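Read through the structure below, which is laid out as structure tokens, and then see the notes.
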Amino acid sequence: MTNSLGIVIPELVAFETPLDLERGGTLPRYDLMIETYGTLDTNRSNAVLVCHALSGDHHAAGYHEAESNKPGWWDHYIGPGKCIDTDLFFVVSLNNLGGCSGSTGPLSLNPATGKVYGPDFPEVTVLDWVHTQARLADHLGIERFAVIVGGSLGGMQALQWSITFPDRLAAAAVIAAAPRLTAQNIAFNEVARQAIMRDPNFFDGNYADHNVIPASGVGLARMVGHITYLSDISMGKKFGRSLPRKDRDADGVNFAIEQYLRYQGKQFSGRFDANTYILMTRALDYFDPTINGLKTLPDILKSTVCKFLVLSFTTDWRFSPSRSEEIVDALIQADKQVSYVRLESAHGHDAFLIPDVTYERVFKAFMNRIHLDLGKP
Amino acid sequence: MISHSHQIPNWITRHTRVLDLGCGNGELLAQLVDSHQIDALGLELDPEKIATCLDRGLSVIQQDLNSGLSNFNDQQFDTVIMTQTLQAIRRPDLALSEMLRVGREAIVTFPNFAYIRNRMQLGLGGHMPVNPQLPNPWYNTPNIHLSTFHDFEELCHALSIQISDRDTSNLSGKRTWLGKVWPNLFGEVALYRLTKES
């Protein structure tokens, strides 16, 4: 494939300093699985942090194996000459704390018990992630990021960065995100959690002790989630009312969309840990920079100093454009430098992952200009 | 392409906060950032034009001017500019009031419909004017609220808006002496600098 990073190699970074967590508890130590692309310049000024969404991981771009047809989750947007141009930027991507792709999480051994953490892994929040990412930046010798970028839950991390470490980023790109979840958002997450918890193989999260996984529950959670990531239009275009494919498992399936959702659920349950899914959805639910409305969003954003790019997608109903506009309006009220585009797309929430000419044009213009201005006062 | 009047930068104070409504490719804002080190923000609808603004390092919000400026604070800007857009807005009167709510001062330019060429095309030719400044046919034009120097000043009076400066220019952005003497007849583009009457 042209403009691909080719083979990329993940790296495990160990952190031996204990980490106090926002919602209580301390992790004595932890590892983060990361990938980096491109080269850090001599001033160490061209770093970009890519934050992942609910089910993402450190593998954002390139391939893990030759002959593979499965690139990283944001490969279309990260690489030589792409929006996040690895010829210009040094890109850092990680699996967040609590994840299940190599970073310390519910699947890791609890040093206190010698058993896997499972459901005893402490709750982590977006703020905790930002703190671990800052420690990762210290480890990599990055004092200040050029851009911190993320879609969905990743966008919330970028926003939190701008608030928590205002001096450590020149720009934030907040894509298809929301300033905090609505009751409807939390409701969808709760249905997903219930699907997992009611699976007889869940065993209160201690499924590892029984050598099983709650595959059915995780699959169901993914199916619900997946519906909210697509739009009525994109589902209609892709599946409509067409019948299932004969060359795939069509047992008890009446329509192609059912077959697709079951397939997605099954794939996901094979790769994603149930306790991590619960942990990630809770982090989403609790994200609220206004601290339960104690402060207003413009007040909270007063302390930020970076440039912002906010992007939303017309058919996104998980985090609709009006949610992004809440962020934009708050930044305007706080007199911050913000650019915003509501991009036309049929792809719902997933649009932030999908190739689109206008999206790419706008995103790349912002990124390249930040690079051009690096080192200027 | 209609050039921005050379007069506009003279009405801008250095290091002030400027909002440009319908900023297009950001040409004027970028020029003012260079010459006056302003703190600039643009509003624009077309994502392609917004991308060009981003190339130039400007901050731009995609926003439809017809839905108002309610997301901005009172007196948030020193100057609010709107060039060659007033005539395409659904309610120019509300737009003007909003401009002077969010800005201390407003700069507005629009095509003078009483310009002699328009008068000739309509009065003698018997047709709605179609020319470099108003290039669209009547049935498909964004310019739905055309006005003249006289009309505009009547509106300002009705809205208690004070006209602190008035000028004219041709399409290259230059002032002509005929336009200066008889703006309503020979002024191709109308330029106004406005404040709220205190």
Side-chain angles (χ1 to χ4, degrees), chain A residues 83 147 170-174 296-299 301-302 304-314 321-322 324-345 351 356-374 376-377, chain B residues 15-27 29-30 32-34 36-81 98-99 101-104:
Chain A
C83 289
V147 190
V174 180
T296 66
L297 202 54
D299 275 349
L301 292 168
K302 275 252 153 57
T304 66
V305 290
C306 68
K307 270 192 165 192
F308 288 88
L309 174 68
V310 180
L311 298 176
S312 70
F313 300 91
T314 48
S322 66
S324 285
E325 285 155 25
E326 285 176 42
I327 298 172
V328 173
D329 289 349
L331 286 166
I332 290 173
Q333 300 280 314
D335 264 327
K336 300 302 171 184
Q337 290 191 63
V338 51
S339 293
Y340 170 65
V341 180
R342 184 169 167 264
L343 293 153
E344 287 288 340
S345 170
D356 177 272
V357 174
T358 310
Y359 175 20
E360 287 157 40
R361 169 80 178 94
V362 169
F363 191 10
K364 194 169 174 38
F366 181 79
M367 295 296 293
N368 284 4
R369 182 66 200 207
I370 296 294
H371 186 267
L372 191 70
D373 290 342
L374 286 178
K376 286 187 195 163
Chain B
H15 304 287
T16 53
R17 195 150 161 70
V18 177
L19 175 68
D20 188 355
L21 306 179
C23 66
N25 289 327
E27 206 176 331
L29 278 182
L32 292 173
V33 168
D34 270 352
H36 289 66
Q37 294 79 47
I38 57 157
D39 184 359
L41 180 66
L43 301 190
E44 174 55 47
L45 253 186
D46 180 354
E48 190 53 45
K49 289 179 181 163
I50 294 175
T52 307
C53 291
L54 295 178
D55 290 336
R56 295 181 143 135
L58 297 167
S59 291
V60 180
I61 309 285
Q62 187 184 36
Q63 188 166 330
D64 184 354
L65 300 180
N66 286 315
S67 16
L69 300 173
S70 59
N71 49 335
F72 293 93
N73 292 328
D74 291 356
Q75 305 290 291
Q76 197 174 345
F77 297 89
D78 297 290
T79 309
V80 181
I81 304 177
E98 273 292 86
M99 286 173 80
R101 178 183 66 79
V102 305
R104 206 167 40 75

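All values reported here derive from a predicted model rather than from experimental measurement. All heavy atoms count here, side chains included; hydrogens, waters and symmetry mates do not. To find a chain, count down the sequence lines: A is the first, B the second, and so on, and within it residues start at 1.
Remark: the backbone N or O of B/Asn71 is paired with a side-chain donor or acceptor of A/Gln333 at under 3.5 angstrom. Side chain of A/Arg369 to main chain of B/Asp55: a donor-acceptor pair is present (N/O by atom type, distance under 3.5 Å, no hydrogens or angles). No side-chain donor-acceptor contact under 3.5 Å links B/Ser59 to the backbone of A/Ser339. Without hydrogens or angle criteria, A/Lys307 side chain to B/Gly57 main chain gives a donor-acceptor distance under 3.5 Å.
Chain B forms the most heavy-atom pairs under 4.5 Å with one residue out of A/Asp335, A/Val362, A/Asn368, and that residue is A/Asp335. Chain B forms more heavy-atom pairs under 4.5 Å with one residue of A/Glu325, A/Gln337, A/Lys364 than with any other, namely A/Gln337.
Comment: A/Arg342 does not engage B/Asp64 in a salt bridge, judged by the lack of any side-chain N to carboxylate O separation of less than 4.0 angstrom.
Using a 4.5 Å cut-off between heavy atoms, B/Ile61 touches chain A through backbone and side chain atoms alike. At a 4.5 Å heavy-atom cutoff, B/Leu45 makes no contact with chain A through either its backbone or its side chain.
The local environment of CD in A/Glu344 is sparse, with at most 12 non-hydrogen atoms from other residues, nucleotides or ligands closer than 6.0 Å.
Looking at heavy atoms from C-beta onward, B/Thr52 lies in side-chain contact with A/Arg361 at the 4.5 angstrom threshold. Counting only heavy atoms from C-beta outward, the side chains of A/Val341 and B/Gln62 approach each other to under 4.5 Å.
Separating the NZ atom in A/Lys336 from the CG atom in B/Leu41 is a distance of 13.5 Å, to the nearest 0.5 Å.
Across all their heavy atoms, A/Ala365 and B/Ala51 have their closest contact at CB-O, 3.5 Å.
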